[in-house]
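For reference, the structure is listed below as C-alpha cells.
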Amino acid sequence: MTEPSAVGRVFLFPGQGRLYGAHLKEAIQRPDDRAAAREVFEAVDRCARPFGMSTNDWWDRSGGADPEDTQPLGTPQLVMLAAAVALSRALMSQQAPPDALMGCSFGEIAAFVVAGAWTLADGVQAVCELESVLEKVRGSGGMLLLHDNPDTVHGIIEALGLPRVVISCRTGPYQTVISGPFEELDMTASAARELGVPTTPLPMVRCLSHHPEAAESADRYHARLAGIAQAPFRIPVYSPCAGRWYTAGDDLRRRLADNLRLPLDITGALHTLARQGASCFVECGYGGGLAQAATDTLQTTCVHSPLRLTRHNRK
C-alpha cells in the first residue's frame, strides 16, 4: 500500500516543536486503552535502555509534560514518540484506522511505526540514534517560528543579509519556521518584532535542522539506521519533505535522515491531501501546531488535537 485511492481522515504527527500540552491520561479515558498506553511507554523504556535513555517515568507523573530543558538527553523525544503511538492506537481501538498519515520531520518516526513499516523498537532506535548524532552538533544553531507568511519572512532575512538563516518549514499561511545560528536567529526575531511579527522559540531544537549545513549529520544518522528493516505500509504515509506519498521502493532510513538537511512544505502537503479528499485531521502529538496549520491552511473545522491545552484541561 502506498497511495490511497481516497483520503478522508488523516493522522498528523508533529516534529520537535514543544513538549507542552495536556497529559496523555486526559486524552485516553477507557481503562483498556490506558493500560495499552502504559505498555507502550514501558516498551519504549525497555528498548531505549541500551542507549542510556528513557521516558524518565513520564507516564506515572500526575501533571503534564515538564519543560524540555530540565529533562535528560532523549527523554522529550522518547515521550513524544510514545505519546504519538499510544494515542494513535487508542483512537484506532475506538474507530476505523485513518486513511492516511503525515509525519513532519521527527514525527515521521511515529508515522512509520503506526503505519506498520517499522516496529516500535525500530522507532525507539531511530529516536536514540538521532539524539546521539545531534548531541555532537548541539549548540550549532536552532529554529524559530515566525507568525507570518514565507514571503514576509524571506524579506526580513534578505534585508538583514543573513545567508545562513534559511526558511526550513512552511507550516501555514501565517506560520513560517526558520533555522540558523542562534545569534542570527536573535537578530531575525528582533527585526520581526519591530515589524509587528510575533515569534515563538522552539527550544527542543538546539542545532541546525532542515538546513543545508546539516548534510553531514544526515549522512551520519543514515549510517546509524542501517540495521532497521522495513515492512510494507499498512496505512499510507505522505511526506511534506519529499512532497509525495512514500512507496515500497523508498529507503525510509534515508528519507528520515534527509529531513535534517531539506526543508518541509507542510502547507503544500495539506493542500495535496485536501485535493485528494482529506476532510478531517487529527494531531497525534503535542503543541497543536499542525492542527492549527490545517485549520488556517484549509479553512476546515474538522480538526482535532487531543493533547492541546484548553481552558478545560489547563492546570
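Side-chain atoms are counted along with the backbone in the values below, which use heavy atoms only and exclude waters and symmetry mates.
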With distance as the sole criterion, is a donor-acceptor pair present between the side chains of [X] and [Y] under 3.5 Å?
X: T200; Y: H147; answer: yes
X: S105; Y: H210; answer: yes
X: R308; Y: Q292; answer: yes
X: D33; Y: Q29; answer: no
X: S140; Y: R206; answer: no

Kindly determine whether C302 and R9 satisfy side-chain contact (heavy atoms from CB on, under 4.5 Å), including the steps that lead there.
CA-CA 9 Å; C302 188; R9 191 164 57 111; over 6 Å; no

Minimum heavy-atom separation for [X] and [Y], please, with both atom names.
X: A83; Y: Y286; result: CB-CE1, 3.9 Å
X: N259; Y: C241; result: OD1-CB, 3.5 Å
X: F51; Y: E129; result: CE2-OE2, 3.6 Å
X: V237; Y: A115; result: CG2-CB, 3.7 Å
X: V113; Y: G123; result: CG2-CA, 3.9 Å
X: M80; Y: G15; result: CE-O, 3.0 Å

Assigning hydrophobic clusters by single linkage (Ile, Leu, Val, Met, Phe, Trp, Tyr; side-chain heavy-atom cutoff under 4.5 Å), is [X] placed with [Y]?
X: L208; Y: L185; answer: no
X: F13; Y: L87; answer: yes
X: M143; Y: Y174; answer: no
X: L120; Y: L101; answer: yes
X: L202; Y: L162; answer: no

Given the rule in the side-chain contact (heavy atoms from CB on, under 4.5 Å) test, do L78 and C128 qualify, once you have shown the distances and angles that lead to the verdict?
CA-CA 8 Å; L78 289 169; C128 295; 4.2 Å; yes

If you measure from [atom1] on [X] to [atom2] on [Y], what distance do you get to the nearest 0.5 Å?
X: D148; Y: T176; atom1: CG; atom2: OG1; value: 7.0 Å
X: E108; Y: L252; atom1: CD; atom2: CG; value: 8.0 Å
X: D250; Y: R255; atom1: CG; atom2: CZ; value: 5.0 Å
X: L146; Y: T152; atom1: CG; atom2: OG1; value: 10.0 Å
X: N149; Y: Q175; atom1: CG; atom2: CD; value: 12.0 Å
X: Q125; Y: T119; atom1: CD; atom2: OG1; value: 8.5 Å

Could you tell me if the side chain of [Y] sits less than 4.5 Å from the side chain of [X], heavy atoms only?
X: M53; Y: S132; answer: yes
X: E158; Y: V153; answer: no
X: R34; Y: P31; answer: no
X: L270; Y: M102; answer: yes
X: P98; Y: I235; answer: yes
X: L145; Y: T199; answer: no
X: Q276; Y: T272; answer: yes
X: H304; Y: C280; answer: yes

Quick one: are the ring centres of F11 and F281 less than 6.0 Å apart?
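Ring centres of F281 and F11 not closer than 6.0 Å.
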
Under the side-chain contact (heavy atoms from CB on, under 4.5 Å) test against L298, which residue among T300, T301, D296 passes?
T300

Could you walk me through whether L264 and S168 satisfy the side-chain contact (heavy atoms from CB on, under 4.5 Å) test, starting with their C-alpha distance in whole Å, then the side-chain angles of each, then the deciding distance to 0.1 Å, before giving a yes or no?
CA-CA 6 Å; L264 295 181; S168 55; over 6 Å; no

ring-ring contact (aromatic ring centres under 6.0 Å, His included) partners of Y238, counting only residues at least two apart
W245

Below 30° counts as parallel, above 60° as perpendicular, anything between as tilted: where do the rings of W59 and F41 land?
tilted

Once the angle between the rings of F112 and W118 is folded into 0 to 90°, is it parallel (under 30°), tilted (30 to 60°) or perpendicular (over 60°)?
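Geometry flag for W118 against F112: perpendicular rings.
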
For the backbone of [Y] and the side chain of [X], can you confirm whether one donor and one acceptor N or O come within less than 3.5 Å of each other?
X: T75; Y: Q71; result: no
X: D265; Y: G268; result: yes
X: S179; Y: V166; result: no

Does atom CD (E42) have a neighbourhood of more than 12 heavy atoms from anything else shown, all under 6.0 Å?
yes

Report, as yes or no, whether the 6.0 Å neighbourhood of atom CD on Q230 holds more than 12 heavy atoms from other residues, nucleotides or ligands.
yes

Under a 4.0 Å threshold between the charged nitrogen and the carboxylate oxygen, would E131 count as salt-bridged to R138?
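So R138 pairs with E131 through a salt bridge.
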
I would like to know whether D45 and R49 meet salt bridge (Lys or Arg N to Asp or Glu O under 4.0 Å); could you show each step before the answer?
CA-CA 6 Å; D45 280 335; R49 195 170 296 125; over 6 Å; no

Given the rule in the salt bridge (Lys or Arg N to Asp or Glu O under 4.0 Å) test, do D251 and R253 qualify, once you have shown the distances and angles that lead to the verdict?
CA-CA 5 Å; D251 180 351; R253 300 163 300 183; 3.0 Å; yes

Dump the intermediate steps for side-chain contact (heavy atoms from CB on, under 4.5 Å) on L225 and L256, then the final yes or no.
CA-CA 10 Å; L225 301 180; L256 177 64; 4.2 Å; yes

Residues D219, R254; criterion salt bridge (Lys or Arg N to Asp or Glu O under 4.0 Å); working and verdict
CA-CA 8 Å; D219 289 341; R254 179 73 260 177; 3.2 Å; yes

